[in-house]
Structures are given as structure tokens and as C-alpha cells.
Amino acid sequence: MDLTEYLQNVLKDEQYIEWVNDGLSDRLLPGKSNIDERLLDEIIFKLNSRKERDCFWESILDFLSPESFNSVFEYLVDEDIAVCKMGHMDLEDDKLEILSGYVEEALFTLAKRIYKGKQYSVDEFCDLLKKHDTGVILDQLLLVIPNNDEKKKALYYFYSQKEEYGSKIIELINVEKLIVTENIDEIQKAFESKNYLFYLAISKNLFTPSDILEELSKIKGMKFASEIRTNSQNTKRIKDNFISINEYKIKVLSIGSYDEKGIFTDAQWEPFMGNMGRSCDGVRIQVKSNYQEISNELSKYSDISEEDLSIKESNLVQLFIRSKEEEFWYALSKCKFGSDSGIIHLEFLKKEKCIAKLKVEPHNNLVLLKLLGNIQRRIQ
């Protein structure tokens with residue numbers, strides 16, 4: 001039955017209340033129901049003194065339409081009902097702000113949203129830090145990539161001004177260096193340190209030796225152990241997928257697949273783009289002539305100029321793009337590939353020199369990365 005019918009039955013027959021102890025959510029039809037406010041008020045009155053009250057509301061939250069949820073939100077907060085569950089829900093900012101006074105999970109959700117979301121300014125992020133002056137925000141954002149590097153600077157500066165976090169910030173700066181270092185001795189020392197932050201860093205680094213990545217992929221009993229294992233497995237998969245294809249040692253690497261909208265779906269894509277972004281300062285792309293959507297998005301964080309193609313092709317445009325901000329690489333990773341308006345060829349540049357090429361094979365949704373010999377030897 002749908003939620004409305006169930007609530008009407010609760011008012012008529014108390015045996016329906018017992019369903020909360022016997023898989024209520026499995027008995028209701030999926031979907032959101034818009035419940036009459038009078039019916040909700042009657043349910044509140046009916047259950048307010050019942051022992052099943054809290055479990056009842058937790059069971060039906062996912063079935064309430066946004067309008068109906070808004071009608072009962074204040075009541076649930078005032079009565080301390082399902083606040084932990086609501087703190088994990090994708091709610092509006094003002095509701096998460098209210099819930100943050102009851103449960104830390106709501107604050108974590110809000111902090112991550114503002115830190116990652118390009119619709120939020122650095123000033124808004126700073127306001128959040130000042131309002132919720134607690135170290136738990138720093139811990140929660142360690143693994144989160146901000147949409148704007150200024151937000152990371154603000155985060156580090158805010159906590160560096162507090163004596164108890166000064167040494168932690170210095171440690172985090174060292175972690176940033178470990179993510180991109182090519183120095184194997186530094187990576188080895190980080191591995192021997194048994195420091196979970198250092199482990200997080202080298203687990204993302206393509207220059208980390210495979211035997212160390214293998215060990216990190218088995219880590220247990222440590223803070224962020226799951227993230228360390230996942231990062232190590234992804235990084236090792238990228239390294240292990242290199243296959244020699246000719247005497248010049250050019251390599252082909254399968255990065256992943258893209259969906260029918262041209263968006264990459266494989267977990268290897270984002271860590272790969274993160275590594276390339278730290279190594280490069282620009283790209284050269286080839287797109288179909290209807291490329292405005294891509295150009296408009298990338299131009300926010302880069303300088304773009306059109307180039308002549310060595311071999312003229314109809315409906316094909318070549319763009320030279322120089323990155324101006326760190327957010328460029330995130331925006332590039334979200335571009336469309338292989339579709340009519342997507343990128344079909346991409347070169348990664350460092351000081352205008354091509355160090356890697358991405359070729360999209362649209363017939364079978366495979367993406368092949370051809371790496372030149374000088375960079376592949378360093379990665380191995």
C-alpha cells in the first residue's frame with residue numbers, strides 16, 4: 001500500500017503501528033507521497049506518547065515528499081526524532097545548519113557541500129569555519145577536494161592560527177608534497193613512518209613503487225584504512241595496466257569507459273586526472289565545431305585559443321588551453337568525451353611540450369592513453 005493509505009489505517013487500527021517492528025519500509029510502495037497536513041497532524045498526535053514513535057518516523061521519512069517532510073521537520077527536531085538519519089540526508093543548507101546543533105553528521109555534510117560546491121564562495125566557507133570552530137571539520141575535509149584552491153588555503157590558515165592545530169597544518173603541507181613527489185626515498189620514508197596521512201598521500205602517487213602500493217592495499221586497523229586501500233588499488237591498477245606495444249616503449253593505458261552522455265564512469269579516471277593536473281600546465285584538445293558548452297566551462301579557469309589543424313577536417317576544431325587555476329583540471333575531468341559535442345583527442349602539456357596523449361575510441365567506449373617513453377619510465 002502507499003503511505004497515505006497506511007497512515008489512514010494507523011488512525012483506524014493500532015495493529016498497523018506494529019508494522020514498524022516488522023519491516024514497515026518493505027511493505028510500502030516505493031516513491032514519495034504528498035500527505036495532507038491534517039493527516040500528518042493526526043498521526044503526530046496519535047503516536048506522540050507511543051514507544052514506537054521514533055522508529056515509526058524513521059521508517060517513513062524516505063517516503064515523504066519534500067513538502068510533507070517540511071511540514072514535520074520542526075516537530076522531529078524539537079522532539080529529537082531521527083536527527084541522526086536526517087543529518088545524513090541530502091537536505092537544504094538551512095535544515096543541515098539546524099541539525100548541526102544536534103548531530104555532527106549534519107555539520108560534516110554541510111561542510112563538505114560548501115567546500116566542494118562551486119556555487120559557494122570562499123567567504124561562505126570562511127563563515128562556516130568561524131561559526132563552527134571545531135577541529136572535526138578539519139578531519140572531515142582531509143580527503144575532500146575543494147572546487148577552489150582558495151578554500152583549502154582558508155582551511156589551512158584558519159587552523160594554523162590555533163596553537164593545538166599548528167603542527168597538524170605543517171604535517172598536511174608535507175602531505176601535499178608527498179602526493180606529487182617523484183623522490184622514491186621520500187616515499188619510502190613516508191611508508192616506514194606508519195603515519196596515516198602520509199599513507200593517504202603516497203597511496204595516490206603514481207611514482208609510489210608497486211610493492212609499497214601492494215602493502216598499502218592490505219592496510220587495516222588504521223584511521224582512513226578504507227580510503228588508503230581504495231587509493232592504492234586504483235593507483236596500482238593504473239600502473240599495472242601499462243602494456244608495451246612497440247620498440248619505442250610507447251604505452252597504452254585503459255583509463256575507463258564513458259556513458260551514453262559522454263561522461264567518464266570508471267573510478268580510475270579521477271585519480272588519473274588528478275595526477276596529470278599536478279604534472280601539467282595545459283592541454284590541447286580536438287572537438288567538433290559545436291564545442292561551446294565545453295569552451296564556456298573551461299574558460300572560467302583557463303585561457304583558450306583556437307589553432308590551425310595540420311590536416312583540415314570538417315567540423316573539427318583544435319584548441320590550445322593554458323590552465324590558470326587548479327579548478328581547471330576538475331572541470332576538464334567532467335567534460336564530455338566521444339560524443340558529437342565531446343572531446344575526441346586530448347594532449348597533456350608541460351611548458352607547451354606534449355607529455356601524454358588521450359585517444360577516445362567511440363565505437364566501443366574504450367579510452368586509450370598513449371604515454372610517451374620519458375614519462376612512462378618515471379611512472380614505472
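The chain is numbered in sequence order, starting from 1.
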Check against side-chain hydrogen bond (donor to acceptor under 3.5 Å, both in side chains), Ser217 and Gln233: CA-CA 6 Å; Ser217 68; Gln233 290 160 5; 5.0 Å; no
Steps toward salt bridge (charged side-chain N to carboxylate O under 4.0 Å, His left out) verdict (Lys46, Glu14): CA-CA 10 Å; Lys46 175 85 172 180; Glu14 292 195 358; 3.5 Å; yes
Stepwise salt bridge (charged side-chain N to carboxylate O under 4.0 Å, His left out) check, Asp41 with Arg38: CA-CA 5 Å; Asp41 288 340; Arg38 182 177 298 179; over 6 Å; no
Worked check of side-chain hydrogen bond (donor to acceptor under 3.5 Å, both in side chains) between Lys204 and Asn234: CA-CA 8 Å; Lys204 299 177 182 179; Asn234 286 335; over 6 Å; no
Criterion side-chain contact (heavy atoms from CB on, under 4.5 Å) on Lys324 and Tyr301, from CA distance to verdict: CA-CA 5 Å; Lys324 293 192 299 186; Tyr301 316 109; 5.8 Å; no
Test salt bridge (charged side-chain N to carboxylate O under 4.0 Å, His left out) applied to Lys95 and Glu92, step by step: CA-CA 5 Å; Lys95 288 185 172 62; Glu92 298 93 334; 3.6 Å; yes
Full working for side-chain hydrogen bond (donor to acceptor under 3.5 Å, both in side chains) between Ser68 and Asn34: CA-CA 6 Å; Ser68 297; Asn34 195 19; 3.2 Å; yes
Step-by-step side-chain hydrogen bond (donor to acceptor under 3.5 Å, both in side chains) determination, Glu176 to Tyr156: CA-CA 12 Å; Glu176 296 282 335; Tyr156 284 9; 3.2 Å; yes
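Checking side-chain atoms of Asp281 against main-chain N and O of Arg322 turns up no donor-acceptor pair under 3.5 Å. Distance alone, capped at 3.5 Å, is enough to place a donor-acceptor pair between the Thr235 side chain and the Ser203 backbone. Ser193 places a side-chain N or O within 3.5 Å of a backbone atom of Asn195 that can act as its donor or acceptor partner. Without hydrogens or angle criteria, Thr109 side chain to Gly87 main chain gives a donor-acceptor distance under 3.5 Å.
Within a 6.0 Å radius of OH in Tyr157, no more than 12 heavy atoms belonging to other residues, nucleotides or ligands are found. The 12-atom threshold is exceeded at CD1 of Ile219, counting heavy atoms of other residues, nucleotides or ligands nearer than 6.0 Å. Atom CD of Gln15 has more than 12 heavy atoms from other residues, nucleotides or ligands within 6.0 Å. For Lys189, the NZ atom counts as loosely surrounded, since its 6.0 Å shell holds 12 or fewer non-hydrogen atoms of other residues, nucleotides or ligands. Heavy atoms of other residues, nucleotides or ligands lying less than 6.0 angstrom from NZ of Lys131 number 12 at most. Heavy-atom contacts from other residues, nucleotides or ligands closer than 6.0 Å to CD of Glu307 number more than 12. Around the NZ atom of Lys177, the shell of radius 6.0 Å holds no more than 12 heavy atoms that belong to other residues, nucleotides or ligands. Within 6.0 Å of NZ on Lys168 lie more than 12 heavy atoms contributed by other residues, nucleotides or ligands.
Residues Tyr120 and Phe125 place their aromatic rings such that the two centres sit no closer than 6.0 Å. Remark: aromatic rings of Tyr165 and Tyr159 are close, center separation under 6.0 Å. Two rings, from Trp19 and Phe56, have their centers 6.0 Å or more apart.
Using a 4.5 Å heavy-atom cutoff, the side chains of Leu91 and Leu99 are in contact. At a threshold of 4.5 Å between non-hydrogen side-chain atoms, the residues Met222 and Ile228 count as touching. With contacts defined as side-chain heavy-atom distances shorter than 4.5 Å, the pair Glu306/Phe320 does not qualify. Between Asn9 and Met1 the shortest side-chain heavy-atom distance falls below 4.5 Å. For the pair Arg229 and Lys218, the minimum side-chain heavy-atom distance is 4.5 Å or more. Between Cys335 and Leu298, some side-chain heavy-atom pair lies under the 4.5 Å cut-off. Counting heavy atoms from C-beta outward, Leu40 and Tyr75 have side chains that stay 4.5 Å or more apart. A 4.5 Å side-chain heavy-atom check between Leu96 and Met86 finds every atom pair outside the cut-off.
From Ile321, atom CD1 reaches atom OG of Ser295 across 7.5 Å, with rounding to the nearest 0.5 Å. Rounded to the nearest 0.5 Å, atoms CG (Leu110) and CG (Asp93) are 5.5 Å apart. For the atom pair Glu52 CD and Leu47 CG, the distance stands at 7.5 Å (nearest 0.5 Å).
Here His132 pairs with Glu97 under the side-chain hydrogen bond (donor to acceptor under 3.5 Å, both in side chains) rule; sequence neighbours left out.
Between the side chains of Tyr199 and Glu227, not a single donor N or O lies within less than 3.5 Å of an accepting N or O.
Evaluation of the salt bridge (Lys or Arg N to Asp or Glu O under 4.0 Å) test over residues 66-88, restricted to residues two or more places apart or in two chains, returns Arg53-Glu79, Asp62-Lys85.
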